[in-house]
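This report refers to the structure that appears directly beneath it.
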Number of protein chains: 2
Amino acid sequence: MLGSHVPELRALELLVVVARTGSLSSAAAELGITQQAASSRMRTMEALVGAPLLSRTRRGSALTETGELLVQWSSRVLDAAEQLDAGLTALRQDRRGHLAVAASLTIAEYLLPGWLVALRSQQERLGQPVTEFTLTATNSERVAQMVASGEAALGFVEGPEAPEGLSHRLVGVDELVVVVGPHHPWAQRSSRRVSAATLAATPRVVREAGSGTRTVLERALRDHPPTPPVLELTSTAAVRAAVAAGAGPAALGAHAVRDDVATGRLVRISVSGLDLSRRLHAVWTGGAHPPAGPARDLVAVAVGRGR
Amino acid sequence: MLGSHVPELRALELLVVVARTGSLSSAAAELGITQQAASSRMRTMEALVGAPLLSRTRRGSALTETGELLVQWSSRVLDAAEQLDAGLTALRQDRRGHLAVAASLTIAEYLLPGWLVALRSQQERLGQPVTEFTLTATNSERVAQMVASGEAALGFVEGPEAPEGLSHRLVGVDELVVVVGPHHPWAQRSSRRVSAATLAATPRVVREAGSGTRTVLERALRDHPPTPPVLELTSTAAVRAAVAAGAGPAALGAHAVRDDVATGRLVRISVSGLDLSRRLHAVWTGGAHPPAGPARDLVAVAVGRGR
DNA sequence: GTGTGGTCACAAGGTAGCCTTGTGCCCCAT
DNA sequence: ATGGGGCACAAGGCTACCTTGTGACCACAC
């Protein structure tokens, strides 16, 4: 939970823009507010933080050391916010006149926003018009349908193989990892390792039948007798919460649990002799290469950042 | 720059808490506001986003598909905000009764907040009291002084070697990378590679003399005749901005430019035959191991995440 | 059937924060 | 000397948010 001393996004953004432009006035102009509003907002933030962030001179404002640190930390927050913005914009677009992209949930949640931001930044850099996207997030099977039927011009799917009947290109690999809550017995082992047989015999927290995540694990464990799940949930977030609370082990995408593992909310367990990697493919119809233009550019961005 | 449809941090936090608790009421209680305020804040956010985020039932609220996506994107924003919070809290602490940590700028900006969050999360998990920190961010030389004089109980420094006279432990490696703006001629080469001699002969954007970043590069290029810098700036942020604007190449910490490289604001250039890695060390006085308690725990966290 | 607890929505009222307009001052460059 | 850029202070208005109070609905227990 967030403390009460954290400024809101707009305040952080103001600070970063001031750092870039060198003055409150120009930052205010860039953000479309008056200089006085910017000045006031900045003073509010300084009171919140409890330290001066700018050293104001007659010819602009420079950052203090504290301001310098806060700018760096803010940049990371704002980068994430920019990805959120890109994703949201793609969700919201009117369906006409835009590139329609369909993506599996994992890709839409963890990778696509970054690709959209990178592509936009690249288009701006090269002076190209910025593409607007329509995003549909659904399961891999439905993504393939949408691309085949023309509902989407480009799709991103996950799974052991690319779907048949569509052109495709490998854009990355998402490894599935097994996680447990920090209090789980497996997390107390120094090795943090179990055998595939042990995992297969343990009731797990799983996504609903048909989800790509679940399919990959069941296929990898197909030589072992199946065990009924302890809990079946319809969203990745719910699975993460249940596992963190100690419900049992689960297999989730490495991207999906990266932050939780880093902060200790989840603990990663190695499983001996189990291949849980799944491939991420871009798919489209019509030719060996994606249609020229934004679709091809987006695939190129994804390939460049997928590794 | 952020669009006008991005909710503020408090609204994103509400959504994530609702996703975890399953109801608006309990989320409101956890955040210390009334149920009505939470309901209203949520409706405001739904209007902003332009789509329903919750499906409200008589026994709680579940996420819609859009809500599910937004929760994932928000989590990343909030994780970054939590690191900002941890860093800010460490900066703000009263100087008595807390663990005093001094860190070089690079470490304080890019790594330490994550360590603080991880340590706090670990302490909460194990039921230990949560340590409060005092953070001083300065250059490596001064960090070593502070630890030697007892001003700080623990320090983190960067440089080719650990300072003499202090106990130390390697906690990670930060590679220095050479970057140019996206329009720079080097960025147009398909190889994106130059020789060390070319780099040495090119006027660069540099930090002020004495900074760890500058020292590492000059030492690596010591066999080549020195070239006066095109621009000398006192902060990493200023160097990044100058390089992005096309002022010339610069060498910066890989952590510092990771986001910029990912979004295309900066382009990374390989330099043949140049070792630009620098080691990150924890330093303390008194014994072979850091003093037991939070200092030792923090070093352990840093070692665990440094690789 | 009825009470109880839990959920969410609607309405009214107050407060506080934020933004704009207007103004003054200072310094530097021309 | 003068204009322009930059920041702060003050006043006023509006908006957004939060709280209190209320109602409706549903599940479950008795």
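To find a chain, count down the sequence lines: A is the first, B the second, and so on, and within it residues start at 1.
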**Item:** d(CD, B:Gln35; P, C:dA11) in whole Å
**Value:** 15 Å
**Between C:dC18 (P) and A:Met42 (CE): distance, integer Å** = 13 Å
**Asked** Taking CD from A:Glu8 and P from C:dG17, how many angstroms apart are they, rounded to a whole number?
**Response** 13 Å
**B:Arg43 side-chain N/O to C:dC10 phosphate OP1/OP2 under 4.0 Å** = yes
**Asked** Can you name the one residue among A:Val6, A:Leu2, A:Val77 that meets side chain to side chain contact (heavy atoms under 4.5 Å, CB included) with B:Leu78?
**Response** A:Leu2
**Request:** May I ask you to say whether B:Glu82 pairs ionically with B:Arg76, meaning some side-chain N is under 4.0 Å from a carboxylate O?
**Result:** no
**Prompt:** Under 4.0 angstrom, heavy atoms only, what part of the nucleic acid is B:Ser40 near: base, sugar-phosphate, or nothing?
**Reply:** nothing
**Prompt:** Starting at CG of B:Leu24 and ending at P of C:dA9, how long is that distance when rounded to a whole Å?
**Reply:** 6 Å
**Asked** Between C:dC28 atom P and A:Arg56 atom CZ, what is the distance in whole Å?
**Response** 19 Å
**Prompt:** So what does A:Ser26 hit on the nucleic acid, given a heavy-atom distance under 4.0 Å: a base, only sugar-phosphate, or nothing?
**Reply:** nothing
**Prompt:** B:Leu54 has an atom CG; how far is it from atom P of C:dC8, in whole Å?
**Reply:** 9 Å
**Request:** Using whole Å, report how far CG of A:Leu31 lies from C1' of C:dT20.
**Result:** 16 Å
**Message:** Just N and O in the side chain of B:Ser39: are any of them under 4.0 Å from OP1 or OP2 of C:dA9?
**Reply:** yes
**Request:** Compare the minimum distances between each of D:dC7, D:dC18, C:dT21 and the side chain of B:Arg41, then state the nucleotide with the smallest one.
**Result:** D:dC18
**Message:** Can you tell whether the side chains of B:Glu132 and B:Arg120 come within less than 4.0 Å, N to carboxylate O?
**Reply:** no
Check residues 102-109 of chain B and write down every donor-acceptor pair under 3.5 Å in which the side-chain atom is one partner and the other belongs to a residue at least two apart or another chain.
residue  : atom : partner  : partner atom : Å
B:Ser104 : OG   : B:Glu158 : OE1          : 2.4
B:Thr106 : OG1  : B:Glu158 : OE2          : 3.4

**Message:** Could you check whether B:Glu46 pairs with B:Arg56 (Lys NZ or Arg NE/NH1/NH2 to Asp/Glu carboxylate O, under 4.0 Å)?
**Reply:** yes
**Prompt:** Can a donor-acceptor pair under 3.5 Å be found between the side-chain atoms of B:Gln36 and the base atoms of D:dG21?
**Reply:** yes
**Message:** Categorize A:Ser25 for me: base, sugar-phosphate, or nothing, with a 4.0 angstrom heavy-atom threshold over every strand shown.
**Reply:** sugar-phosphate
**Item:** Nearest listed nucleotide, side chain of B:Ser61, among D:dC7, C:dC8, C:dC18
**Value:** C:dC8
**Prompt:** Rounded to whole angstrom units, what separation is found between the CD1 atom of B:Ile33 and the P atom of D:dA16?
**Reply:** 17 Å
